[in-house]
Protein chains: 2
Amino acid sequence: MEAREAKDRFYEAFANTARAIASPKRIEILELLAQTEYPVEEIARITGMTIANTSSHLQVLKQAKIVESRKQGTKVFYQNASLGVSDLLASLRTLTRARVAEVDQVVSEYFTARDSFEPLSHEELLQRTKTGDVIILDVRPTNEYAHAHIPGAISVPLGEIEAVVDTLPKSSLIVAYCRGPFCVLAPQALEILSAHGYETRRLASGMPEWQLLGLPVETNEHSSTQANAG
Amino acid sequence: MEAREAKDRFYEAFANTARAIASPKRIEILELLAQTEYPVEEIARITGMTIANTSSHLQVLKQAKIVESRKQGTKVFYQNASLGVSDLLASLRTLTRARVAEVDQVVSEYFTARDSFEPLSHEELLQRTKTGDVIILDVRPTNEYAHAHIPGAISVPLGEIEAVVDTLPKSSLIVAYCRGPFCVLAPQALEILSAHGYETRRLASGMPEWQLLGLPVETNEHSSTQANAG
DNA sequence: CTATTATTCAATTGATTACTAGACTATAGG
DNA sequence: CCTATAGTCTAGTAATCAATTGAATAATAG
């Protein structure tokens, strides 16, 4: 009985973590917080939930030690507790995508099939930056860029793409990345750029995956969470 | 509304996978099936559940495409659908362990603190096998060994450790591994061996983790699932 | 035709889940 | 001190779900 109870408590601990993540809304929150910290109100706005509901979802995640919070003035900023969260999300994505055709259906429906081109792997990117003539665009909101970005990448939030169109040299390959493999920001940005005659490629994955690979990131220490997302 | 529904369905797919895993019993099953395939009856016996209950847990996992089944005679063998399952379990373990002190408490209680020695990393093992004088023991049940094992490893199920004690040269380092980082088989085996004066080390992780690293495995094509586990 | 093995069904028990509205708390700034 | 802002907490609702067991059913081997 002793051992039985201990064994149950043991597996229970892992099940608790899984249970905290087993909710569409909370996964959406975690994907967002994988980019950078956000205050409750903004999380609520982005996910389309009420403040109260968002707060309670965040409590669930906090109790499972999956997210952490930091109070600043009247605001409470939440962020993922560690890169391990991104790792778990990545595993979950891989396992689900490989097995559930439905996901790709939804992807091609919601994330309209803008980028028909083969995405660029991180190895390819690193290699091509050596031989030069590559411009890397980070098309996420500026606060996410500020938190962590690929060294040398330029911050151009999706809304400002039009503005920079003619400032970029047409001789360079334009590589854009955003939040992750299912994020639409980069494909949308590249659609605009390629319509203007640029040679473009999308980076296969986003910031969290880049960090998981142990690749270097650059940070802008200051401005925390001003801009916003959709 | 269209986009809203698509987004919800999208995250729902991942949440479904997570929900299927968010159960202590099912995690226990998955950890077992990460070793090799097992028939329902044996899974029930090992986990201490009724056949009916085990079957229904397996249906949940099967519907989520996390496990697959194969019918042979009157038996139905289940196995994990891919290494992605082990990957997800590993992420879940890491995230939970790092954040929940409780896990380590339970570990040190249930998995009694037999191995006080620093576990051996796979890099160290590979390095030491080059310089020779290392014997690798796979102390899992023989069917799990047959399914996949470290090249050169000798199969010595825990129950047969005593029998081989004096056949192993004392000049060699004895390295044992089993199912994973929380598996007790190897520590128990090593306790016996070190009591007999052997120099012993435990491999830090088990077969699934070894495979996740892309390291080579050896297989004995035949005998499927005869021996058993506890 | 019988024993074995697994699945399914029905029923029980017990609990969670997501969510909203409104009360409450904490903080910043006048 | 007062007020607006931001977030948390509580209670209630409606909806499910979850784990389990035992009995009935199905599939297969011999």
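Sequence lines set the chain letters: A, B, ... in the order given, protein chains first and strands last, and positions in each chain run from 1. Worth saying up front: this structure is predicted, and the values here are computed from it rather than measured.
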Using only side-chain N and O atoms of B:Tyr78, determine if any of them is under 4.0 Å from OP1 or OP2 of C:dT7.
yes
Axis-to-axis angle across the helix from C:dC1-D:dG30 to C:dG30-D:dC1, five pairs an end, to 10 degrees?
30°
Rounded to the nearest Å, what distance is computed from the CD atom of residue B:Glu41 to the P atom of nucleotide C:dA6?
6 Å
I need the CZ-P distance between B:Arg45 and C:dT5, as an integer number of Å.
12 Å
By salt bridge (charged side-chain N to carboxylate O under 4.0 Å, His left out), which residues pair with A:Glu218, not counting sequence neighbours?
none
May I have the distance from B:Phe77 (atom CZ) to C:dA6 (atom P), rounded to whole angstrom?
8 Å
Kindly write out the residues that satisfy side-chain hydrogen bond (donor to acceptor under 3.5 Å, both in side chains) with B:Arg26, not counting sequence neighbours, or none if the list is empty.
B:His57
Can you tell me the distance, in whole Å, between the CD atom of B:Glu28 and the P atom of D:dA19?
14 Å
Residue pairs meeting side chain to side chain donor-acceptor pair (under 3.5 Å), one or both in residues 151-162 of chain A, sequence neighbours left out, come to none
Starting at CD of A:Glu12 and ending at P of D:dA19, how long is that distance when rounded to a whole Å?
10 Å
Which residues pass the ring pair (Phe, Tyr, Trp, His ring centres under 6.0 Å) test with A:His147, sequence neighbours left out?
none
Return the set of residues passing salt bridge (charged side-chain N to carboxylate O under 4.0 Å, His left out) with A:Glu12 (not counting sequence neighbours), or none when no residue passes.
A:Arg19
Is it the case that A:Tyr78 and A:Glu42 place a side-chain donor and acceptor less than 3.5 Å from each other?
no
Suppose we screen for side-chain hydrogen bond (donor to acceptor under 3.5 Å, both in side chains). Which residues come up paired with B:Gln211, at least two apart in sequence or across chains?
none
With a 4.5 Å heavy-atom cut-off, do A:Ile150 and A:Met207 have their side chains touching?
yes
To the nearest angstrom, the CD-P distance between B:Gln59 and D:dA18 comes to 15 Å
Set of side-chain hydrogen bond (donor to acceptor under 3.5 Å, both in side chains) partners for A:Glu41, sequence neighbours left out:
none
In whole Å, what is the span from the CG atom of B:Leu58 to the P atom of D:dA18?
16 Å
Strictly under 4.0 angstrom, non-hydrogen atoms only: write out the protein contact profile of nucleotides 25-30 of chain C, one letter per nucleotide from the 5' end, B, S or -.
-SBS--
Who passes side-chain contact (heavy atoms from CB on, under 4.5 Å) against B:Gln63, sequence neighbours left out?
none
Applying side-chain hydrogen bond (donor to acceptor under 3.5 Å, both in side chains), name anything that partners A:Thr74, two or more places apart in sequence or on another chain.
none
Look at the side chain of A:Ser55 and decide which nucleotide, out of D:dT8, C:dT8, C:dA6, has an atom nearest to it.
D:dT8
Summary of protein contacts for nucleotides 12-23 of chain C, nucleotide by nucleotide, where a base hit scores B, a sugar-phosphate-only hit scores S (4.0 Å, heavy atoms)
-----SSBBB--
Please give, in whole Å, the distance from C:dA6 P to B:Tyr38 OH?
14 Å
